[in-house]
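Have a look at the structure below, then the notes.
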Amino acid sequence: MTEHPTSFERPQAGVDPTDPRGALLRSPAPPPAQGVEAPTGLPVQARSGDPAPEAAPVVQSSNSTTGRTGNHKDMGMNPAGTGPEHSQPAAAEPDTHRPRPVTDAVPVQPGGEAERPPQSGDERRTGQGLPPGRPTPMRRDGDRLRFVGAATRRIARGIDLDEIVMGLCRATVPTFSDAILVYLRDPLPVGDERPTGPLVLRLRRSDRIPQQERDLEDGILPVPVPENPSELDALGTELCEVQPGSALAEVLRGVRPVFTDTPAAHAALPELLGEGCEFAVPSGRRAILAPLRGRRRVIGAALFLRRPDRIPFDPDDLLVAAQLATHSALGIDKAVLYGREAYIADELQRTMLPETLPRPTGVRLASRYLPAAETARVGGDWYDAIPLPGSRVALVVGDVMGHSMTSAAIMGQLRTTAQTLAGLDLPPQEVLHHLDEQAQRLGTDRMATCLYAVYDPVSHRITIANAGHPPPVLLHLGGRAEVLRVPPGAPIGVGGVDFEAVELDAPAGATLLLYTDGLVESRLRDVWTGIEQLREKLAATAQLTGPDHPPPLEALCDEVLDMLGPGDRDDDIALLAARFDGIAPSDVAYWFLEPEDAAPGRARRLARRALSRWDMEDLTDSVELLVSEVVTNAVRYATRPVTLRLLRTDVLRCEVGDDVPQLPRLRQARATDEGGRGLYLVNRLARRWGATRLSTGKVVWFELNRG
């Protein structure tokens, strides 16, 4: 049988504690005399009437699991066999117990009584037995550890700067201090940036004991509030500039918290709090100045204060202040880095998407974009509206696989490519074909879906080509919503596939909704279920405004996004809504002019008649002059008939098209030149003007404000 020592026995002198026999032998000893403590590790207890102990040594047996010695017959007796181990001596006999260590007593509060009645263990631990108005002392190491653990957990909850600083204040006041002032560097350095200029500290937040007892979290015990407020409420200045070599600079360079009654810290207080405020700081180690140091440099300071009627800080509280300052500084450093990353992500996404939507003739636009989550603010979804020649507009929506920085970068390249292709006035299917080639050049796994549509407000038609994207939904003026039948096509990046375009009616008053799959697909529903819910949502919204009035475009977008539940959004969402107003045939005048010398004169006569029919005779002189100049430039180089079109909307728009691809350039004519002043006149008299290259030539246009 192997014998093991019990946990409460101590090895005797001359006995090897690592004896392979596994037992600690206790040498026999006579019963202790009165008032003399037993030399063994446990007190010898006796009971009247028991026989004298034997002189033979007693061996501790491993069969005992309760910590008692002896054989089975003598279980429960002390090592000397004189009685039960936990029995108490008779009242008449002296106490032979070894003295126990005394628990730290609650220190006498300033201004309190010199002696206080003894308290129970619960009163010492919780402070429930303290008189009103006295704080709970943290005199044990366990109390400090529990407080530091709860405070650091509260500080760690914050993800941004304000939450972390507020967590520090709420965790320390009023449990650790009665007031706290938190100063942070202004501006805060980010990462490896080297700050330039002087070190300026700005008061970021201050916290003091409220007028009523605060219920604290994480098991931190509340502290009674003093009845009389002190001068701590008047401490703190908004801004402080740390001079090089000053006392405050030396304290901050030291990194470790210090009591403000030290000479260095006392000299630093006027610089931090302002002249005269240092006298309001309580004396007697009731203030701690703790520098806040991030990963590479000091980023601020925290001042912990206690009122004069509270017990002062002790040296162990400096360790607590150091832990709070370290955790807060590291959290602030990470929050600044996170804020910079979020700012970069927002800036990237904002520049990738159109800042404002254009206002093309005959169509009104509205858009929405929602990232997948707050922690992933960039993604591959995009939308765009590109004005085209002839008052047309290209509507684009796409979705690159994933929602990361890489997806956003690919999205930006594809969006730029789509804008360039739209400027060439290519058909929708050709635009998708070139986007597919561009995606293959970017990489083998660069996949995206895209829908490209071109709306013509004059003909009230829309041409759509699809590359694996969810189909658009058209909401008619009467309230009927339908999913347009568009060939789905293959996603961009697959390669070797053809794209097909379809031309559909776009009646005036109808609304076309283009969207990405994040709006209709989630873990709770498939794509086609979401599309059907979207169609029903649009129809229900249109019923609210009646059959003769379409719903407001911005409100319609908000209603569409409301169909998403709290857990329905797993992907980015891009939404583009287009309200087709169109241009009435009575507001359009269109002619073909042969490229001959008489064409400018005929163009002036046709424009004059149209303006007379529209009651716009006040613009006749300007229009005749500008039309004559633009048509003259066109017929000089054209080989096919020149087109002239006037559009009456909120402005008067004139478009002249020819088969020459070279775009005109504005230049300053010399005094001896016979020509070269046509575009100069257009630039001075027109509200706007421009030239757009087409696949068959170009179009030069200008606009004039209606009188």
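Both backbone and side-chain heavy atoms feed into the values below; hydrogens, waters and symmetry mates do not.
- Looking at V320 and I288, their side chains never come closer than 4.5 Å, going by heavy atoms from C-beta outward.
- Across all non-hydrogen atoms, the minimal contact from D178 to V173 is O-CG1, 3.8 Å.
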Query - Audit row: L201, L239, side-chain contact (heavy atoms from CB on, under 4.5 Å) steps and yes/no - result: CA-CA 6 Å; L201 298 181; L239 209 60; over 6 Å; no

Report task. Please lay out, stage by stage, how V298 and R253 fare under the test side-chain contact (heavy atoms from CB on, under 4.5 Å). Result -> CA-CA 7 Å; V298 173; R253 188 180 296 111; over 6 Å; no

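- Counting heavy atoms from C-beta on, the side chains of V251 and L289 come closer than 4.5 Å.
- Here the side chains of Y369 and I573 are not in contact, with every heavy-atom distance at 4.5 Å or above.
- When all heavy atoms are compared, the tightest approach of A247 to A264 is CB-O, 3.9 Å.
- Not one N or O on the side chain of S407 forms a donor-acceptor pair closer than 3.5 Å with the backbone of V400.
- Taking a cutoff of 4.0 Å between a charged side-chain nitrogen and a carboxylate oxygen, R285 and D317 do not qualify as a salt bridge.
- Taking the six-membered ring for Trp and the full ring otherwise, the centers of F313 and F176 sit less than 6.0 Å from each other.
- R144 and D314 are joined by a salt bridge, as a carboxylate oxygen and a charged side-chain nitrogen come within less than 4.0 angstrom of each other.
- Within the 4.5 Å cutoff, side-chain heavy atoms of C169 are placed close to those of V182.
- The main-chain N or O of G149 is found under 3.5 Å from a side-chain atom of T152 such that the two form a donor-acceptor pair.
- Once rounded to the nearest 0.5 Å, the distance linking OG1 of T262 with NE2 of H266 reads 9.5 Å.
- Heavy atoms only, all atoms of each residue included: D572 and G380 are closest at OD2-N, 3.5 Å.
- Separation of atoms OH (Y183) and CG (L273) is listed at 5.0 Å; rounding is to 0.5 Å.
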**Report entry** Audit row: V200, V242, side-chain contact (heavy atoms from CB on, under 4.5 Å) steps and yes/no
**Finding:** CA-CA 6 Å; V200 178; V242 182; over 6 Å; no

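- Note on D558 versus R368: salt bridge recorded, some NZ/NE/NH1/NH2 to OD/OE distance being below 4.0 Å.
- Side chain of R157 to main chain of R154: no donor-acceptor pair is present (N/O by atom type, distance under 3.5 Å, no hydrogens or angles).
- Judged purely by atom type and a 3.5 angstrom limit, E271 uses its side chain to pair as donor or acceptor with the backbone of Q243.
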Query - Test side-chain contact (heavy atoms from CB on, under 4.5 Å) applied to D160 and Y338, step by step - result: CA-CA 8 Å; D160 61 8; Y338 172 77; 5.8 Å; no

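- Residue L292 holds its CG atom at 7.5 Å from CG of L168, rounded to the nearest 0.5 Å.
- Here the side chain of R306 pairs a donor or acceptor atom with the backbone of I311 at under 3.5 angstrom.
- Rounded to the nearest 0.5 Å, atoms CZ (R204) and CG (D162) are 4.5 Å apart.
- Scanning both residues, T172 and F304, for their nearest heavy atoms gives CG2-CE2, 3.9 Å.
- Residues D571 and G518 come closest through the heavy atom pair CB-CA, 4.0 Å.
- With E163 contributing its side chain and I159 its backbone, the two residues share a donor-acceptor pair below 3.5 Å.
- L184 contributes atom CG, which lies 9.0 Å from atom CG of L203 (distance to the nearest 0.5 angstrom).
- R293 places no side-chain N or O within 3.5 Å of a backbone atom of I299 that could act as its donor or acceptor partner.
- Shortest non-hydrogen contact noted between G284 and P312 is O-CB, 3.0 Å.
- Here the OG1-CZ distance, from T326 to R256, works out to 9.5 Å after rounding to the nearest 0.5 Å.
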